[in-house]
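Contents: one structure, followed by commentary.
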Amino acid sequence: MTDSIQSIISQISHKAKGLHNLLVAERETNAVLSSKNQSLQTDLDQKSAQIEELENKMKVQEERLMVMTEQDSGSAVIPSLGRSQEIDELVKEIEYCISQLRK
């Protein structure tokens, strides 16, 4: 009977050591995952701050664009003939430059 009890105690001891080793391994895995999680959270916070900064810059640029569009639309509702002539002259000059480059 003592041998069977010793055998059972040995089996229980062996299982307890195995469970302890599994627990240690899981704790190490948990520590690594916690570290990665913290790193990813820090990266996420930085990216969120960058997104917010870019959104603010975009709003400022959109406001500038609206102001410029309003200014342009207010002053150039009907394009003047002088503006049209300037464009024609620029087109002719560009065409001349292109022809010179082809030679």
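Heavy atoms only: backbone and side chains are in, while hydrogens, waters and symmetry mates are out. Start at 1 with the first residue, then count along the sequence. Everything numeric in this text was worked out from a predicted model, so none of it was measured.
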Please tabulate, one pair per line, all N/O donor-acceptor pairs under 3.5 Å involving side-chain atoms of residues 4-19, not counting sequence neighbours.
unit_1: Ser4; atom_1: OG; unit_2: Met1; atom_2: O; d: 2.8

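Around CD of Gln61, the count of heavy atoms belonging to other residues, nucleotides or ligands within 6.0 Å exceeds 12.
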Take Val91 and Glu95 through the side chain to side chain contact (heavy atoms under 4.5 Å, CB included) test and state the conclusion after the steps.
-> CA-CA 6 Å; Val91 169; Glu95 288 174 349; 3.7 Å; yes

Could you walk me through whether His20 and Val24 pass the side chain to side chain contact (heavy atoms under 4.5 Å, CB included) check?
-> CA-CA 6 Å; His20 176 72; Val24 169; 3.7 Å; yes

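A distance-only check finds a donor-acceptor pair linking the side chain of Thr69 to the backbone of Leu65 [under 3.5 Å]. One N or O on the side chain of Thr42 and one on the backbone of Gln38 form a donor-acceptor pair closer than 3.5 Å.
Rounding to the nearest 0.5 Å gives a distance of 11.5 Å between CD1 of Ile98 and CD of Gln100. With rounding to the nearest 0.5 angstrom, the CD1 atom of Ile51 is 12.0 Å from the CG atom of Asn56. Taken to the nearest 0.5 Å, the CG atom of Leu23 stands 8.0 Å off from the CD atom of Glu26.
Residues satisfying the side chain to side chain donor-acceptor pair (under 3.5 Å) criterion with Gln41, sequence neighbours excluded, are Asp45. In this view, Glu52 satisfies the salt bridge (Lys or Arg N to Asp or Glu O under 4.0 Å) rule with no residue, not counting sequence neighbours.
Using a cut-off of 4.0 Å between Lys/Arg side-chain N and Asp/Glu carboxylate O, Lys59 and Glu55 are scored as not salt-bridged.
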